[in-house]
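So the structure is just underneath, and the comments pick up after that.
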Amino acid sequence: MKRTHNNGQLKLENTNEIVTLKGWVSKKRDLGGLVFIDLRDRFGITQLAFHPESPLYQKTLKIKNEYVLEVTGKVIERSSKNKNIPTGDIEVEVTELIILNTSAQTPLIIQDKTDALEEVRLKYRYLDLRRPILQENFIIRHKASQAVREFLNEEGFLEIETPILTKSTPEGARDYLVPSRINGGEFYALPQSPQIFKQLLMISGFEKYYQIAKCFRDEDLRSDRQPEFTQIDIEVSFMDQDEILDVSERMIKSIMKKVKNVDLVDPFPRITYKQAMDKYGIDKPDTRFDMHLVDITDIAAKTAFTVFTSNIENGGIVKAINVKNGASLYSRKGIDKLTDYVKKFRAKGLAYLKLTNTLAGSIIKFLDEDLQKEIIERTKLEENDLLLIVSDKESVVNQSLGNLRNHIAKEQKLYNDDDYDFLWVIDWPMFEYKEEHGRYFSPHHPFTMVQEQDLHLLKEAPDKALAYCYDLVVQGQELGGGSIRIHQEEVQNQVFDILGISKEEQQQKFGFLLDALKYGTPPHGGIAFGFDRLIMLLVHTENIREVVAFPKTNSAQCLLTQAPSSVSEEQLKELSIKTIK
RNA sequence: GGUCCCGUGGUGUAGCGGUUAACAUGCCUGACUGUCACUCAGGAGAUCGCGAGUUCGAUUCUCGUCGGGACCGCCA
């Protein structure tokens with residue numbers, strides 16, 4: 001029989017209709033003659049009823065959870081309704097029952113609240129994915145990708161695919177390599193992003209490109225990082241930074257409206273990279289709560305505390321965060337825990353002050369009355385507040401206090417998952433000097449254009465030059481980032497020189513791009529959004545595996561398929577590969 | 001590359017230098033005609049991840065190993 005309805009569809013108005021349903025047995029309740037079965041598919045659950053006088057009653061005794069059924073019967077109004085499900089007003093009185101398939105006992109319970117650990121869930125992912133709560137994530141993922149396409153198509157963008165087998169570009173993350181059989185000893189790389197190809201498409205004149213693109217990076221995993229992930233990849237010609245931010249912003253708003261029916265502030269606030277670092281210590285600030293970092297270097301320099309003063313003499317800084325009502329929230333032991341937390345970020349310690357009638361704390365003996373007053377004023381310390389202070393190199397102070405700020409906000413639940421604090425971080429520096437490598441690096445990538453007024457700085461003081469570069473941040477997460485690209489060969493050469501990439505290396509790695517720049521390259525720029533992270537935001541999870549159908553574990557393995565796995569000697573030989581170990 | 005946490009019936013947990021290895025849920029059997037986390041009664045199900053060491057004796061302590069997770073580094 002053909003299915004007439006899905007299991008989330010039937011309402012009171014269908015009463016007396018004869019319907020055919022198919023699905024899985026979610027739960028059977030046998031009351032001793034009267035049997036109820038909850039039939040589940042991805043649309044919902046419909047209750048089936050069997051009465052003891054029914055000729056089907058004997059057959060129901062065989063039915064167990066996760067059996068696949070086809071039933072036909074009459075829709076009737078329930079005598080006791082269930083308000084918790086959309087079909088709770090009706091049930092189907094079954095007159096025909098076919099067991100389409102049986103099921104072994106499942107290793108995990110197919111319910112929203114499963115008791116299984118992630119390890120079991122990933123091994124039996126196909127069962128895990130039967131759970132309605134997880135199916136909802138992928139329904140939202142689908143809606144979001146459709147919203148992206150609808151918006152960008154409407155705006156005149158073209159969706160164009162770029163290669164998965166491509167060229168290794170060792171700048172940046174480690175590449176996944178694929179051996180070439182036909183060209184023994186040579187390798188393709190899987191793309192870390194379609195960056196170069198989308199720029200080439202601009203040179204080809206496509207003007208507005210997008211792709212929902214798989215990207216690959218062979219780096220260690222985290223709860224928000226998978227070796228393969230998806231980006232909404234966008235590139236446009238003849239638009240300036242403001243125009244790109246505008247179209248991006250409208251796209252995000254359209255997704256949020258279509259998928260979550262949320263209206264966002266218009267326009268998104270913008271702060272500069274420098275402001276973000278000063279105020280939040282981090283380039284992706286969570287702006288749902290305050291607790292800003294306050295620079296107290298000048299006050300600290302006047303104290304007799306040698307930890308502060310010697311650090312400042314060596315060019316270090318001292319910053320503090322004011323934890324409102326923190327004096328009673330954090331005991332000595334609690335502060336010790338916070339100290340351990342900042343030590344992860346190489347801070348050597350965490351000084352603190354509590355204001356309860358009087359000022360007290362680890363460094364109080366180094367503060368005379370005037371200094372106390374200055375600190376209280378500067379940090380707006382009020383009764384029962386806790387001041388946490390880190391003294392170190394600027395990078396360590398910002399990183400440790402910036403993360404501590406997020407950590408405390410999470411502990412104290414200072415924010416709401418439904419607050420979408422979208423924020424543009426703009427005016428990034430062109431270059432970052434890394435002591436340990438003794439050279440400059442690009443915060444984003446080496447194709448980023450320097451801001452017009454700073455062009456001359458490329459020669460004079462590269463580290464002072466700002467880039468046409470922007471990140472979209474929400475809830476303390478980087479959701480996307482992009483830049484205006486360099487479209488002139490000489491500027492690109494100049495940047496490569498500053499980055500210490502030799503002429504030969506430039507030719508070898510990016511020769512084709514440098515060549516292409518010669519042939520009438522239009523001014524262009526673009527942006528890419530982390531699609532998995534967007535879905536995480538929409539479904540309120542911190543675990544990327546909840547929004548990826550078949551994810552890898554922390555050690556980059558698939559527990560379901562056992563990938564990666566060894567291959568036969570024959571296969572290796574064909575690929576001209578010998579393994580060591 | 002590093003730090004920390006976890007590994008006990010199908011599943012999730014408790015536990016302890018000597019136990020009949022406990023509880024919940026799932027599973028099986030029986031009872032029950034309006035349940036929806038049905039209820040009630042009974043039952044089966046675990047060489048405590050693997051290896052070595054300490055010990056009279058190890059699931060328990062130590063080391064190693066494998067697997068999972070969180071984080072730092074890394075992720076232009």
Side-chain angles (χ1 to χ4, degrees), chain A residues 26-39 45-54 57 61 64-66 76 78-85 87-88 91 93 104-124 127-128 169-175 192-193 195-196 215-227 229 340-347 399-400 403 407 428 430-432 434 436-437 439-448 467 469 478 481 483 495-496 499 501 509 530 542-543 545 552-555 557 559 562:
Chain A
S26 176
K27 189 81 195 173
K28 184 174 113 180
R29 290 177 295 278
D30 183 348
L31 274 65
L34 179 63
V35 177
F36 297 109
I37 288 174
D38 290 337
L39 195 67
I45 280 179
T46 300
Q47 176 166 286
L48 312 176
F50 299 83
H51 291 273
E53 56 275 18
S54 160
Y57 174 70
L61 299 179
K64 301 183 198 311
N65 284 350
E66 300 310 313
I76 56 169
R78 290 200 202 181
S79 51
S80 53
K81 298 188 171 53
N82 182 349
K83 290 192 190 77
N84 299 320
I85 57 172
T87 62
E91 65 192 7
E93 201 167 51
Q105 182 183 353
T106 54
L108 52 101
I109 300 168
I110 317 290
Q111 299 282 340
D112 283 353
K113 279 187 193 151
T114 185
D115 53 4
L117 250 34
E118 212 178 348
E119 197 174 343
V120 177
R121 291 177 47 204
L122 291 183
K123 185 170 175 194
Y124 300 96
L127 295 178
D128 192 33
T169 53
E171 183 84 8
R174 236 173 255 119
D175 283 318
Q192 297 181 22
S193 89
Q195 182 61 37
I196 292 177
C215 304
F216 306 84
R217 291 179 192 174
D218 187 5
E219 293 296 340
D220 287 356
L221 284 74
R222 283 286 192 288
S223 53
D224 62 350
R225 241 193 261 162
Q226 284 278 300
F229 58 98
D340 286 341
Y341 180 79
V342 294
K343 280 183 178 166
K344 287 200 300 194
F345 304 96
R346 282 162 299 145
Q399 204 196 351
S400 55
N403 281 292
H407 178 76
W428 289 63
M430 273 295 283
F431 305 102
E432 222 177 9
K434 286 197 183 170
E436 60 272 34
H437 294 93
R439 70 172 182 93
Y440 287 108
F441 283 81
S442 305
H444 278 68
H445 57 64
F447 315 112
T448 302
C469 186
E478 180 199 331
S483 61
V495 168
F496 280 147
L499 291 171
I501 303 174
K509 288 180 188 164
E542 290 187 0
N543 183 348
R545 287 172 237 111
K552 308 278 189 293
T553 65
N554 252 350
S555 50
Q557 291 173 324
L559 294 179
Q562 301 291 318

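Chain letters run A, B, ... following the sequence lines, proteins first, then strands; residues in each count from 1. The model shown is predicted, which means the values in this text are computed figures rather than measured ones.
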| So, is T553(A) near the phosphate of G67(B), with a side-chain N or O under 4.0 Å from OP1 or OP2? |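 No, because none of the side-chain N or O atoms of T553(A) sits under 4.0 Å from OP1 or OP2 of G67(B).
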
Check whether any side-chain nitrogen or oxygen of R174(A) sits under 4.0 Å from OP1 or OP2 of G73(B), and answer yes or no.
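Result: no.
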
Legend entry - Which residue lies more 5' along RNA chain B, comparing P107(A) with Q557(A) via nearest heavy atoms: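 Per heavy-atom nearest nucleotide, the more 5' residue is P107(A).
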
Which value, in whole Å, describes the distance between the [atom1] atoms of nucleotides [N] and [M]?
N: A44(B); M: G2(B); atom1: P; value: 49 Å
N: U60(B); M: G51(B); atom1: P; value: 12 Å
N: C40(B); M: C16(B); atom1: P; value: 30 Å
N: A52(B); M: A58(B); atom1: C1'; value: 13 Å
N: A22(B); M: A37(B); atom1: P; value: 30 Å

Heavy atoms under 4.0 Å, any strand shown: does S555(A) hit a base, just sugar-phosphate, or nothing?
sugar-phosphate

**Message:** Regarding R545(A), tell me which of base, sugar-phosphate or nothing describes its non-hydrogen contacts under 4.0 Å with the strands shown.
**Reply:**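 Sugar-phosphate: the residue R545(A), judged by heavy atoms under 4.0 Å, touches backbone atoms but no base.
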
Complement of [N], any strand, by Watson-Crick or G-U distances under 3.5 angstrom:
N: C4(B); result: G69(B)
N: C32(B); result: none
N: G57(B); result: none

So, under a plain 3.5 Å distance rule, would you say the side chain of R217(A) forms a donor-acceptor pair with the base of C75(B)? no

**OP:** Establish whether the base of G73(B) is bridged to the side chain of R222(A) by a donor-acceptor pair shorter than 3.5 Å.
**Re:**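 A donor-acceptor contact between them is present.
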
Not counting sequence neighbours, which residues clear side-chain contact (heavy atoms from CB on, under 4.5 Å) with E66(A)? List them please.
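Per chain and number, E66(A) pairs via side-chain contact (heavy atoms from CB on, under 4.5 Å) with W24(A), R40(A), S103(A), T106(A), I110(A), R130(A).
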
With sequence neighbours left out, the residues meeting ring-ring contact (aromatic ring centres under 6.0 Å, His included) with H407(A) are Y341(A)

(Q) Tell me every residue that passes ring-ring contact (aromatic ring centres under 6.0 Å, His included) with F431(A), counting only those two or more places apart in sequence or in another chain. (A)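 Testing F431(A) for ring-ring contact (aromatic ring centres under 6.0 Å, His included), a comparison that skips the adjacent residues, returns Y440(A).
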
| Heavy-atom check, side chain of L34(A) versus side chain of H51(A), under 4.5 Å |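 Side-chain contact under 4.5 Å: yes.
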
Does K552(A) have any salt bridge (charged side-chain N to carboxylate O under 4.0 Å, His left out) partners at least two apart in sequence or in another chain, and if so, which?
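For K552(A) the salt bridge (charged side-chain N to carboxylate O under 4.0 Å, His left out) partners, ignoring immediate neighbours, are E228(A).
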
Nucleotide by nucleotide, nucleotides 26-36 of chain B touches protein heavy atoms under 4.0 Å in the pattern (B base, S sugar-phosphate only, - none) SSS---BBBBB

Could you pull out the protein-nucleic contacts involving nucleotides 2-6 of chain B (nitrogen or oxygen on both sides, under 3.5 Å)?
none

